[in-house]
Amino acid sequence: MSRSKALQYYIVARLLLAPLMLWTITTAVFLLLRATPGDPVDVILGPRAPEAAKVALRTQLGLDLPLLQQYFNYLGDLLRLDLGTSLTSRGQSVWEIIQAYFPATVELAVFSMTIALVVGVGVGILSASKPDSVFDVGGRLFGIITYSVPLFWAGMLLQLIFAVQLRWFPLGTRFPATIPAPQGPTGLYTIDSLLSGNLMQFGVALYYLALPCLTLGILLSGIFERMVRVNLKQTLKADYVEAARARGISEGKILWSHALKNALIPVITVLGLTLAAMLGGAILTEVTFSWPGLANRLYEAISLRDYPTVQGIVVFFAAIVVLASIAIDLLNAYVDPRIRY
């Protein structure tokens with residue numbers, strides 16, 4: 001079978017498996033929510049509300065139905081792309097919540113990942129290209145420290161120093177209330193401000209992004225530093241690199257033109273999965289920095305036992321992770337011809 005044919009079969013198989021993965025995740029979330037202590041009716045009406053009012057609301061929300069019937073109703077709504085209505089946001093649909101909060105999560109994830117990639121790959125290249133030097137030792141220390149420091153601890157410490165003590169950065173919001181926020185088609189304040197040509201709004205948006213993005217980006221950069229350093233050092237010892245040296249090719253050209261491309265192939269996988277995980281699981285980051293994104297909204301929904309909102313946001317994030325995983329496999333197959341399926 002030719003490589004292109006095998007790749008086509010692989011793509012079809014992955015696309016067919018995607019609904020199965022989503023069904024598994026949605027079922028697990030449905031069951032875990034029902035097994036978690038707490039009643040959404042008590043959260044909405046309060047524990048001292050009349051029992052008749054609780055019974056009426058429970059019937060209205062369909063929570064009095066048998067668990068199996070609730071489950072099939074939930075799956076039926078999903079097949080119609082209906083994520084339901086929030087129990088705690090005055091009738092707001094889950095789709096409206098996602099549209100309102102997701103741009104903030106995307107903006108945080110993209111800028112943080114850019115910092116992580118630039119810093120991590122840069123330090124990794126410097127460390128691998130000068131083995132056993134002070135740069136190599138420093139790179140290894142940088143990777144160990146950034147990889148091992150807990151995000152919540154580093155986030156709170158940097159907020160205390162740079163936002164509370166030094167007052168260099170703002171906290172707890174995405175844009176100041178005293179300035180009109182950028183309005184545009186993307187919902188990303190940096191992009192919308194550039195599209196409207198308002199550089200003042202662009203600068204303010206970057207200012208509010210700086211502290212959470214720098215914290216998250218630098219902590220994540222340790223993953224890329226360690227991966228680039230190890231892979232690049234192994235690649236620089238490969239036979240084809242030795243052959244290039246024997247032909248008199250300079251070390252700089254060997255590094256940038258021959259070794260780096262192969263060393264970065266595993267980074268593509270980590271990059272895509274990390275970005276997908278940041279989009280889909282940034283609860284800790286957004287809660288630590290009080291960032292008004294979708295993951296922070298998910299945390300609030302879990303606290304309030306808002307079943308439809310939790311289920312809808314988790315399904316949305318799961319779909320992103322599944323699609324990102326498929327895209328990474330295809331990109332790896334394109335970049336590395338040695339990959340077979």
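In terms of hydrophobic clustering, with Ile, Leu, Val, Met, Phe, Trp and Tyr side chains grouped at heavy-atom distances under 4.5 Å, V314 and L20 are assigned to a common cluster. I218 is not connected to L216 by any chain of hydrophobic side-chain contacts under 4.5 Å among Ile, Leu, Val, Met, Phe, Trp and Tyr, and they are in different clusters. Hydrophobic clustering places F152 together with I145 (ILVMFWY residues linked when any side-chain heavy atoms are closer than 4.5 Å, directly or through intermediates). Placement of L323 and L16 in two distinct hydrophobic clusters is found when ILVMFWY residues are connected by side-chain heavy-atom separations under 4.5 Å, directly or transitively. Linking ILVMFWY residues whenever their side-chain heavy atoms come closer than 4.5 Å, directly or via other members, places L158 and Y207 in the same cluster.
Smallest separation of non-hydrogen atoms from L219 and A154: CD1-CB, 3.7 Å. F289 approaches G155 most closely through the heavy-atom pair CZ-CA, 3.7 Å. Nearest heavy atom pair, residue G312 against residue V94, reads CA-CG1, 3.9 Å. A128 and L236 make their closest contact through O-CD1, 3.9 Å (heavy atoms, listed as atom of the first residue, atom of the second, distance). When every heavy atom of P180 is checked against every heavy atom of F175, the shortest pair comes out as O-CE2, 3.4 Å. In this structure, P292 and A104 approach most closely via the heavy-atom pair O-CB, 3.4 Å.
The shortest distance between side-chain heavy atoms of R305 and T36 falls below 4.5 Å. Between L214 and F162 there is no side-chain heavy-atom pair separated by less than 4.5 Å. Between V123 and S221 there is no side-chain heavy-atom pair separated by less than 4.5 Å. Contact of the P308 side chain with the D306 side chain is registered, since non-hydrogen atoms from C-beta on lie closer than 4.5 Å. Using a 4.5 Å cut-off on side-chain heavy atoms (C-beta onward), P103 and R174 make contact. Looking at Y74 and T26, their side chains come closer than 4.5 Å, going by heavy atoms from C-beta outward. The shortest distance between side-chain heavy atoms of F169 and Q159 does not fall below 4.5 Å. Between L75 and W23 there is a side-chain heavy-atom pair separated by less than 4.5 Å.
Between the side chains of S193 and N198, no donor-acceptor pair is found at a separation under 3.5 Å. No side-chain N or O of Q92 forms a donor-acceptor pair with one of T85 less than 3.5 Å apart. One side chain, T27 or Y71, offers a donor N or O that lies under 3.5 Å from an acceptor on the other.
Between the side chain of W291 and the backbone N or O of P212 there is no donor-acceptor pair closer than 3.5 Å. Checking side-chain atoms of Q69 against main-chain N and O of L65 turns up no donor-acceptor pair under 3.5 Å. When atom types are taken as modelled, the side chain of S93 and the backbone of E96 share a donor-acceptor pair closer than 3.5 angstrom. With hydrogens and angles disregarded, no donor-acceptor distance shorter than 3.5 Å links the side chain of S290 to the backbone of E286. Between the side chain of Q165 and the backbone N or O of L160 there is no donor-acceptor pair closer than 3.5 Å. At distances below 3.5 Å, at least one donor-acceptor pair connects side-chain atoms of T105 with backbone N or O atoms of L294. No donor-acceptor pair under 3.5 Å is formed between the side chain of W95 and the backbone N or O of G84. The main-chain N or O of L78 is never found under 3.5 Å from a side-chain atom of D82 such that the two would form a donor-acceptor pair.
In this structure, L206 CG and L199 CG are separated by 10.5 Å, a value rounded to the nearest 0.5 Å. Rounding to the nearest 0.5 Å places CG of D64 at 10.5 Å from CG of L57. To the nearest 0.5 Å, atom CZ of residue F224 and atom CG of residue L117 are 5.5 Å apart. Interatomic distance, CD1 of I25 versus CD of Q311, reported as 13.5 Å (0.5 Å rounding). In this structure, CG in L171 is found 6.5 Å from CG in L211, a value given to the nearest 0.5 Å. Rounding to the nearest 0.5 Å gives a distance of 11.0 Å between CG of L232 and NZ of K237.
Residue-environment remark: OH (Y101) stays at or below the threshold of 12 foreign heavy atoms within 6.0 Å. In F135, the CZ atom is not crowded: 12 or fewer heavy atoms of neighbouring residues, nucleotides or ligands sit closer than 6.0 Å.
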- Task: List the steps and the verdict of side-chain hydrogen bond (donor to acceptor under 3.5 Å, both in side chains) for T190 and E107.
- Result: CA-CA 8 Å; T190 50; E107 201 160 42; 2.6 Å; yes
- Test side-chain contact (heavy atoms from CB on, under 4.5 Å) on V310 and L298 and set out the steps. CA-CA 6 Å; V310 175; L298 173 61; 4.0 Å; yes
- Item | Step-by-step side-chain contact (heavy atoms from CB on, under 4.5 Å) determination, Q183 to D192 | CA-CA 6 Å; Q183 301 293 325; D192 288 338; over 6 Å; no
- Show the numbers, then the answer: is there a side-chain contact (heavy atoms from CB on, under 4.5 Å) between T146 and E225? CA-CA 10 Å; T146 54; E225 187 276 337; over 6 Å; no
- Message: Show, in sequence, the C-alpha distance, side-chain angles and deciding distance for T235 and Y240, and conclude whether the side-chain contact (heavy atoms from CB on, under 4.5 Å) test is met.
- Response: CA-CA 9 Å; T235 306; Y240 74 93; 3.1 Å; yes
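Aromatic rings from F316 and F102 are positioned such that their centres are separated by under 6.0 Å.
Geometric assessment of R34 against the ring of F30 yields a positive cation-pi assignment under the 6.0 Å and 45° thresholds.
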